[in-house]
Amino acid sequence: QIPQHVKHAFLAAEDSNFYQHQGLDYIGIFRAFFKNLRPGAHLQGASTITQQTVKTLIVGPERSYSRKIREALLSRRLEQLLSKDEILHLYLNQIYFGLGNHGIAVYGVEEASQNFFGKSVTQLNIGQAALLSAVPKNPSKYTILANPKAAKVRQQYVLKQMVKNRWISKEDADEAARTPVGKPQEPPPFLNKAPHYVELVRRDLISSFGENRIYGEGLTVYVGLNAQMQSAAHKSLREHLEKTTKRQGFPGPSVRVEVDRLKTVSSICHKELKRKLTKRRAHPHQEYAREIVAWDLGHLSQKQVAKKNFRRCRPRLKTLSAGTRLVGIVKQVNSGTNEILVDLGTTTGSMSLASLQWARSFAPTNPTPAPHSVSQILRVGDLVPIRINSLPLDLKYDKLPNLPVELIAEPKLQGAMVVIDPHTRLVRALVGGYDLKQTGFLRATQAMRQPGSAFKPIVYATGISNKTITAASLCADSPVVIRDQWTGKAWKPENYEDGRYDGNITYRTALSKSKNTCSVKLAEALTPETIIATAQAMGIHSKQPNNLTIALGTGEVSPFELANAYATIASGGYFAEPITIRKIVDNDGKTIREATLEPKEALTPAAAFITTHMMTSVVQDGTAIRAKQLNRSLAGKTGTTNQSKNAWFAGFSPELVAIVWVGFDNNTSMGRLTGSSAALPIWVEFMKHALKSTPPTQFSPPPGVVFRNINRNTGEPTEAEGSFEEVFLEGTEPEIVKQELPSLFLEDEEPL
């Protein structure tokens with residue numbers, strides 16, 4: 001599929017006699033040999049494309065005579081085993097092109113073409129082909145991003161070689177040389193927005209096929225992810241965790257350079273920054289050469305900066321604008337003026353004590369005093385994440401003033417989100433924590449946590465299915481001591497959300513107000529075994545407690561399986577396994593794995609609809625009333641466990657299910673945080689973006705349900721003004737009993 005002019009460009013750049021020699025360029029070898037005899041000379045070689053292929057795939061980059069001898073012998077052998085076209089195919093598809101515009105290593109002409117030009121190698125013109133072929137000679141030098149001037153010079157050399165070998169005309173070469181180099185491609189908009197999803201898929205692939213196959217056989221993997229939804233989930237979870245952390249205090253920086261090493265580390269980083277800026281500004285007429293940038297040192301770890309032989313910094317450059325996030329080094333803490341200065345490479349960020357009043361000592365459960373000096377917050381040498389607040393209108397890249405910046409609270413608090421299309425079971429988004437690089441732990445699938453009241457819809461669905469209750473049935477919300485026959489212990493369930501007892505209320509009200517007493521009484525009537533059976537049918541695979549505490553969500557679940565259980569309700573009662581990988585196609589175009597939807601009825605559509613309808617009251621006037629602002633049909637349930645160790649919101653619209661969990665990894669208390677205050681805001685922010693272009697729809701009643709007007713307080717049928725339209729399984733609805741008036745006539749009398 002690689003065009004002929006692209007092949008010719010690489011031959012012109014690397015080995016114009018490729019189709020004539022037998023793997024070695026003897027004249028070039030002798031020339032390099034004599035050059036290497038000079039005092040202080042660096043070892044050189046006259047590597048053919050065959051030799052470069054052998055070097056990359058077999059012998060490695062070691063610079064020694066013994067390695068060159070092995071390379072020469074194997075090159076001859078390779079020429080005997082493969083055709084020239086096969087060798088060129090290997091070379092072009094594995095050659096290294098350096099770090100791309102997203103900071104990730106680039107291999108092969110197709111990936112390089114996509115990275116540098118935003119198009120397939122099949123679409124490159126002659127000038128672009130020459131520019132691409134120039135890179136492998138020195139990937140850190142001959143790219144548009146690294147050094148536009150050097151890249152252009154190298155491109156012209158390649159074009160001349162192509163003319164010399166009569167592969168193109170001089171007119172074609174001159175036209176290609178006149179074409180502007182162009183601006184480097186922007187990184188893909190969704191890059192690094194789905195690290196947890198990608199890691200989940202990677203682990204699945206390794207488990208199914210092994211590392212050798214997934215990294216070496218060119219599999220194409222199609223996933224269920226929706227990029228817009230994933231980006232919204234990633235953003236909403238991270239931002240709200242940061243906001244919540246601000247209320248808990250400042251956990252402190254995760255990376256610090258000790259003062260005795262600060263000068264060395266800072267000097268190395270500034271030296272590398274200067275080199276990068278010199279290359280960017282080699283062509284002042286190019287737009288990107290005048291971009292206002294600062295460094296981002298977020299890639300540096302504590303282990304790296306602590307090394308005595310610290311030599312490489314490689315700061316990433318970020319274009320400055322209001323809202324830009326990056327990591328800098330604290331270079332000055334001025335207690336006199338209560339100001340902190342942060343080295344951003346090209347400029348300095350400034351933070352005042354007034355902007356840092358939230359940065360008290362970290363304490364989630366007991367508020368600590370606000371800082372009275374900046375020296376209580378940070379020290380010189382701390383690497384801190386900051387956000388640019390604003391930029392002056394007349395800002396110039398070569399004259400940057402101190403900029404006002406905001407300290408970002410990197411949270412200890414963690415969270416997870418899972419988003420599923422209930423009808424296709426495609427996992428549309430998945431976030432497994434604040435930052436995958438911190439631990440590699442996928443909380444969305446690996447964290448087993450108590451769901452608390454977020455488990456109650458499963459209990460209620462069981463009661464509706466078994467016709468043990470209706471949404472209008474009355475429950476006595478009053479203090480009660482229960483002797484659990486499954487554990488033999490007496491215990492007194494209490495209402496966590498409001499701490500009140502409201503007397504006789506309907507089960508709809510009990511669910512919307514999250515009354516623990518009613519859930520436990522229902523579980524006692526149903527038996528835990530019955531609830532466990534329903535939970536398993538709905539998608540809860542983890543073991544649940546066989547006692548009455550199951551009604552309060554004391555069994556542990558992962559966010560992933562709870563999300564799928566809610567998807568069972570949202571789909572009309574049908575269970576199916578969630579799908580992350582839709583299809584895998586091998587290098588020959590053969591489909592080797594394809595997901596199929598195999599729904600099984602866990603709840604009747606009628607029971608699922610009634611459960612959904614009851615859960616809409618949680619949003620309309622219950623613990624999730626904050627979600628009402630979205631102005632669409634929504635159903636859900638908050639969940640908060642003892643001592644606020646876990647906070648949940650699980651909910652759905654007719655189109656989409658989303659689950660949010662928030663908590664500490666060590667399962668300690670979050671203080672006063674609840675599902676309503678910690679998890680629900682994340683869910684609302686996500687759904688606002690995820691459903692932005694989706695017209696509002698209603699939950700549609702299936703056959704088998706009937707509606708009756710009832711008294712909202714007593715659950716009795718009524719036609720009186722202010723009645724509430726309740727939904728029932730057909731056959732369980734209450735009827736208004738009409739009393740017959742006594743007759744005013746004797747039996748033998750006829751009315752007038």
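Position 1 is the first residue of the sequence; numbering continues from there. Predicted model only: the values in this text are computed from it and were never measured.
Proximity of Val705 to Phe728: side-chain heavy atoms (C-beta onward) are nowhere separated by under 4.5 Å.
A pairwise comparison of heavy atoms in Ala627 and Val684 identifies CA-CG2, 3.8 Å as the closest pair. Between Gly415 and Arg443, the shortest heavy-atom contact is O-CD, 4.1 Å. Across all non-hydrogen atoms, the minimal contact from Ser644 to Leu673 is OG-O, 2.7 Å. In terms of heavy-atom proximity, Ala444 sits nearest to Val431 at CB-O, 3.8 Å. Between Gly675 and Thr640, the closest heavy-atom pair is N-OG1, 2.8 Å.
Not counting sequence neighbours, Arg582 has no partner by the side-chain hydrogen bond (donor to acceptor under 3.5 Å, both in side chains) test. Under the ring pair (Phe, Tyr, Trp, His ring centres under 6.0 Å) criterion, Tyr507 pairs with Tyr460, sequence neighbours left out. For the side-chain hydrogen bond (donor to acceptor under 3.5 Å, both in side chains) test, no residue two or more places apart in sequence or in another chain qualifies with Lys521. Every side-chain hydrogen bond (donor to acceptor under 3.5 Å, both in side chains) that Asn646 has, sequence neighbours left out, goes to Arg449, Thr641, Trp661. Every residue was checked against the side-chain hydrogen bond (donor to acceptor under 3.5 Å, both in side chains) condition with Gln536, not counting sequence neighbours, and none meets it. By the salt bridge (Lys or Arg N to Asp or Glu O under 4.0 Å) test, Arg428 is found to be paired with no residue, residues two or more places apart in sequence or in another chain being considered. Remark: Glu598 pairs with Thr596 by the side-chain contact (heavy atoms from CB on, under 4.5 Å) rule, at least two apart or across chains.
Between the side chains of Thr638 and Thr623, at least one donor N or O sits under 3.5 Å from an acceptor N or O. Checking Thr549 against Asn547 by side-chain atom types alone, a donor-acceptor pair falls below 3.5 Å. Thr530 and Thr527 form a side-chain donor-acceptor contact under 3.5 Å, judged by distance and modelled atom types alone. Looking only at atom types and distance, the side chain of Ser208 has a donor-acceptor partner in the side chain of Arg593 under 3.5 Å away. No hydrogens or angles considered: a donor-acceptor pair under 3.5 Å links the side chains of Lys456 and Asn516. A donor-acceptor pair shorter than 3.5 Å can be found between the side chains of Glu561 and Ser542. With 3.5 Å as the limit, one finds a donor-acceptor pair spanning the side chains of Asp477 and Asn495. Ser514 and Ser453 are linked by a side-chain donor-acceptor pair at a separation below 3.5 angstrom, with hydrogens and angles left out of the test.
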**Request:** Take Met417 and Ile682 through the test side-chain contact (heavy atoms from CB on, under 4.5 Å) and record every step on the way to the result.
**Result:** CA-CA 9 Å; Met417 181 183 286; Ile682 300 172; 3.5 Å; yes
**Candidate pair Gln414 and Phe664, rule side-chain contact (heavy atoms from CB on, under 4.5 Å), full reasoning** = CA-CA 6 Å; Gln414 287 294 343; Phe664 288 113; over 6 Å; no
**Request:** Given side-chain contact (heavy atoms from CB on, under 4.5 Å), test His240 with Glu685 step by step and report yes or no.
**Result:** CA-CA 9 Å; His240 278 278; Glu685 186 68 20; 3.7 Å; yes
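Applying the side-chain hydrogen bond (donor to acceptor under 3.5 Å, both in side chains) test to residues at least two apart or on different chains, the pairs with a partner in residues 243-252 are Lys246-Glu406. Pairs passing the side-chain hydrogen bond (donor to acceptor under 3.5 Å, both in side chains) check and including a residue from residues 602-616, sequence neighbours excluded, read Arg508-His613. For residues 628-686, no residue pair satisfies the disulfide (SG to SG under 2.5 Å) rule, not counting sequence neighbours. Residue pairs meeting the ring pair (Phe, Tyr, Trp, His ring centres under 6.0 Å) criterion with at least one partner in residues 676-701, sequence neighbours excluded, are Phe649-Trp683, Phe652-Phe699.
Cation-pi geometry between Arg238 and Tyr434 is met: the NZ or CZ atom falls under 6.0 Å from the ring centre, inside 45° of the normal.
Under the salt bridge (charged side-chain N to carboxylate O under 4.0 Å, His left out) test applied with Arg387, the options Glu242, Glu239, Glu410 reduce to a single match, Glu242. Among Thr462, Val459, Ile540, Asn466, the single residue meeting the side-chain contact (heavy atoms from CB on, under 4.5 Å) criterion with Thr534 is Thr462.
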Mind listing the side-chain donor-acceptor pairs of residues 570-578 below 3.5 Å, one per line with the distance, residues two or more places apart or on another chain?
unit_1 : atom_1 : unit_2 : atom_2 : d
Ser571 : OG     : Ala567 : O      : 3.1
Ser571 : OG     : Thr568 : O      : 3.0
Ser571 : OG     : Tyr574 : N      : 3.2
Ser571 : OG     : Tyr574 : O      : 2.9

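Between the side chain of Tyr566 and the backbone N or O of Ile420, no donor-acceptor pair lies under 3.5 Å. Counting only distance, with no hydrogens or angles, the side chain of Lys513 and the backbone of Asp621 share a donor-acceptor pair below 3.5 Å. Checked by atom type and distance alone, the side chain of Arg632 pairs as donor or acceptor with a backbone atom of Leu691 at under 3.5 Å. For the pair Lys637 (side chain) and Ser512 (backbone), a donor-acceptor distance under 3.5 Å is absent.
If you take CD1 on Ile386 and CG on Leu326, they are separated by 4.0 Å, rounding to the nearest 0.5 Å. Between atom CD of residue Glu726 and atom CD1 of residue Ile710 there is a gap of 4.5 Å, rounded to the nearest 0.5 Å. Taking CG of Leu656 as the reference point, atom OG1 of Thr694 lies at 8.0 Å (rounded to 0.5 Å). The distance from atom OG1 of Thr580 to atom OH of Tyr197, rounded to the nearest 0.5 Å, is 5.5 Å. With values rounded to the nearest 0.5 angstrom, Ser558 atom OG is found 9.0 Å from His541 atom NE2. Here Thr517 contributes atom OG1 and Leu522 contributes atom CG; the two are 11.0 Å apart, rounded to the nearest 0.5 Å.
Dense packing is recorded around NZ of Lys688, with more than 12 heavy atoms of other residues, nucleotides or ligands lying under 6.0 Å away.
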